[in-house]
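Because the structure is predicted, anything quoted here is derived from the model rather than measured.
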Amino acid sequence: MKAKTLIILAVCAALPMMSWAAKPKKNAAAEPVAEEEPEIVTEDCVMYTSLFHESAKNKQYADALEPWLNVYKTCPSYSKNVYVDGDKIVEWKISQCAVGSAEYKEWRDLLLTLHDKRIKYFGNDPKYPAAYILGQKALDYCVFFTEDNLKETAYPWFKESIIGMGNKAQVSVVMKFAEVSLGLYKSNPAKYGEQYITDYQLAADVLSAQANDAANKNAAAAASNKDYLDNVFAASGAADCDQLDKINAAKVNSNLQNLDELNKVIKLYRSVGCVESDVYFAAAEASHKLAPTAESAAGCAAMCKKKGDWKGAVEYYDQATDLSDVDQDRADYQYNAAMVLYQELKNYQQSRTYLRRSLEFNPNQGRCYMLMGILYASSKPYSEAEYGAKAAILNKTVFWVAVDKLIKAKQVEPEVAESVNSLISTYAKYFPTKEERFDLPGEFSGSTFTVGGWIGETTTIR
């Protein structure tokens, strides 16, 4: 058997290397298609497969090359190892060639052919189907065909792979696909602008799904790459709001009953900060009617703010709060409603109610206590009609409770200290003076004072 093996190896070594290289046929469409004859698995196929597999497993690729070539040429459908090991063997061979040489190009062409044949014979593999193999082919093309700066040849392979694999697509394939798409966009923004935005959405959706899948061992890598992908997209120039509107306006109008498409548009617009767009509002409103979510309600709130429908905005923020299961998001929605009530509706008491609700979801918000202090300082709970001349002095007590809230803001969130200290310094100038307090001994007889009206809070007399 040993002698037989040596003889066969010698014969294989003597064969011209390019005898296995496939050459395109001329006028192939005009030629009759011949049926392939069933492959005969010989004793040599079994023996050589064992030889190259063992060598490849030990990374002895030089020893694996000749027996692998024999099996690849004579019985290519015998074993998946012809392609799993073959990929490593051929890549090793490429590394032994001078970059750009004729031999280098012959072997890299074989590497791509290898992927095609694997799809032909093993494309139905449940774990590594044709879509997966196409992704590997695209990656190899990007590595070894360096003279193709744009890698446009690999682009459709990447896209077909990701669509076929769905949320099981490899992170490396998704990210390289996004990189190639970005390169095409930069080469011709007018031609590839819409394509790049669509590709970004596809890649971002896959990475988001993987990042949110606790059972996915690559969840952390997917999340990290998603953040990077978002930053690259935001800086690309393709994320211009006007450009997004041109691309998505018709899409939204034709998909008012398609929740998946509407939510894709909403996520895209939010990711790049285009939340003042009429297209975004239209998508959010349509989505909210079909299946209300916190995100769609927040979008409708933003739409109402732009249109000046302040009460509508508050109502939608309430809906967003009820629909969300994330405490920080709930805190944000309630705070946003409080700001609308303060700035636009001048309803200070109701604004405070929303601030208190926001603090229930996140008690460590300096912004809430700051706004509460501003609300108090902006109020005059004592009317002249009821209190006469005393009202002017009594209304100064609001600055005591305002400063109380500002001090609390610093305690829960030290980062706001600079802004808070500036307000405290300003408000302290308006505290009731000793002389003013002396004029009203009945009201300021003790060490504490309860501010009346809607405020109703007790504070220390300064």
Side-chain angles (χ1 to χ4, degrees), residues 155-156 158-160 162-163 166-167 169 174-175 177-209 211-212 225-309 312-313 316 319-320 323 329 336:
Y155 172 83
F158 277 124
K159 192 157 192 173
E160 187 175 344
I162 295 170
I163 292 173
N167 294 339
V174 174
M175 293 304 292
F177 164 68
E179 180 185 319
V180 170
S181 184
L182 175 61
L184 291 171
Y185 163 70
K186 287 184 175 180
S187 73
N188 191 334
K191 180 179 179 181
Y192 295 108
E194 183 173 352
Q195 174 180 289
Y196 174 56
I197 293 172
T198 301
D199 293 343
Y200 160 76
Q201 288 180 291
L202 173 62
D205 286 346
V206 171
L207 293 177
S208 293
N212 294 321
N225 279 281
K226 171 64 165 56
D227 289 341
Y228 174 77
L229 187 70
D230 290 344
N231 291 334
V232 170
F233 180 69
S236 69
D240 175 79
C241 297
D242 290 338
Q243 180 67 16
L244 288 182
D245 284 349
K246 291 177 183 177
I247 294 170
N248 290 286
K251 182 187 296 185
V252 169
N253 287 334
S254 61
N255 284 282
L256 293 176
Q257 299 299 317
N258 188 330
L259 188 61
D260 288 340
E261 288 301 320
L262 293 171
N263 285 337
K264 285 180 182 179
V265 172
I266 292 169
K267 288 180 181 179
L268 172 63
Y269 274 67
R270 290 196 70 181
S271 70
V272 297
C274 294
V275 294
E276 296 295 318
S277 160
D278 288 337
V279 174
Y280 169 74
F281 292 149
E285 188 174 33
S287 172
H288 192 70
K289 288 178 181 178
L290 294 174
T293 66
E295 191 171 60
S296 65
C300 291
M303 175 183 65
C304 288
K305 286 169 66 177
K306 185 176 181 181
K307 293 180 177 180
D309 179 6
Y316 276 122
Q319 290 186 37
L323 291 165
D329 288 346
N336 290 339

- [ ] Indicate the atoms forming the closest heavy-atom contact of Tyr228 with Met175, along with that distance.
- [x] CD2-CE, 3.6 Å

Open item on the list: Using modelled atom types and a 3.5 Å cut-off, is there a donor and acceptor pairing between side-chain atoms of Tyr185 and backbone atoms of Gln195?
Closed with: no

Task: Ionic contact status for Lys267 with Asp205, cut-off 4.0 Å - done: no

Open item on the list: If we ignore hydrogens and angles and just use 3.5 Å, is the side chain of Asp240 paired with the main-chain N or O of Gln243 as donor and acceptor?
Closed with: yes

Task: Test item: Tyr269 side-chain N/O and Asp245 main-chain N/O as donor-acceptor pair under 3.5 Å - done: yes

Task: Asn263 side, atom CG; Glu295 side, atom CD - distance, nearest 0.5 Å - done: 7.0 Å

TODO: Could you pull out the closest heavy-atom pair between Ala169 and Val206, with the gap in Å?
DONE: CB-CG1, 4.3 Å

- [ ] Please answer whether the main-chain N or O of Ala283 pairs with a side-chain N or O of Ser287 as donor and acceptor at a distance below 3.5 Å.
- [x] no

Open item on the list: Which heavy atom of Leu244 sits nearest to which heavy atom of Val272, and what is that distance?
Closed with: CD1-CG2, 3.6 Å

Task: Shortest non-hydrogen contact from Ser236 toward Tyr196 - done: OG-CE2, 3.5 Å

- [ ] Sort out for me which residue in Glu285, His288, Gln319 forms a side chain to side chain donor-acceptor pair (under 3.5 Å) with Ser296.
- [x] His288

Open item on the list: When you measure from the side chain of Ser254 to the backbone of Ala250, do you find a donor-acceptor pair of N or O atoms at a distance under 3.5 Å?
Closed with: yes

Task: From Lys289 atom NZ to Leu259 atom CG, the distance as rounded to the nearest 0.5 Å - done: 14.0 Å

TODO: To the nearest 0.5 angstrom, please state how far the CD1 atom of Ile266 sits from the SG atom of Cys274.
DONE: 14.0 Å

Task: Asp230/Lys226 ion pair, N-O < 4.0 Å - done: yes

- [ ] For Ser181 and Ala178, indicate whether the former's side chain and the latter's backbone hold a donor-acceptor pair under 3.5 Å.
- [x] no

TODO: Answer yes or no: is there a donor N or O on one side and an acceptor on the other, between the side chain of Asn188 and the main chain of Leu184, under 3.5 Å?
DONE: no

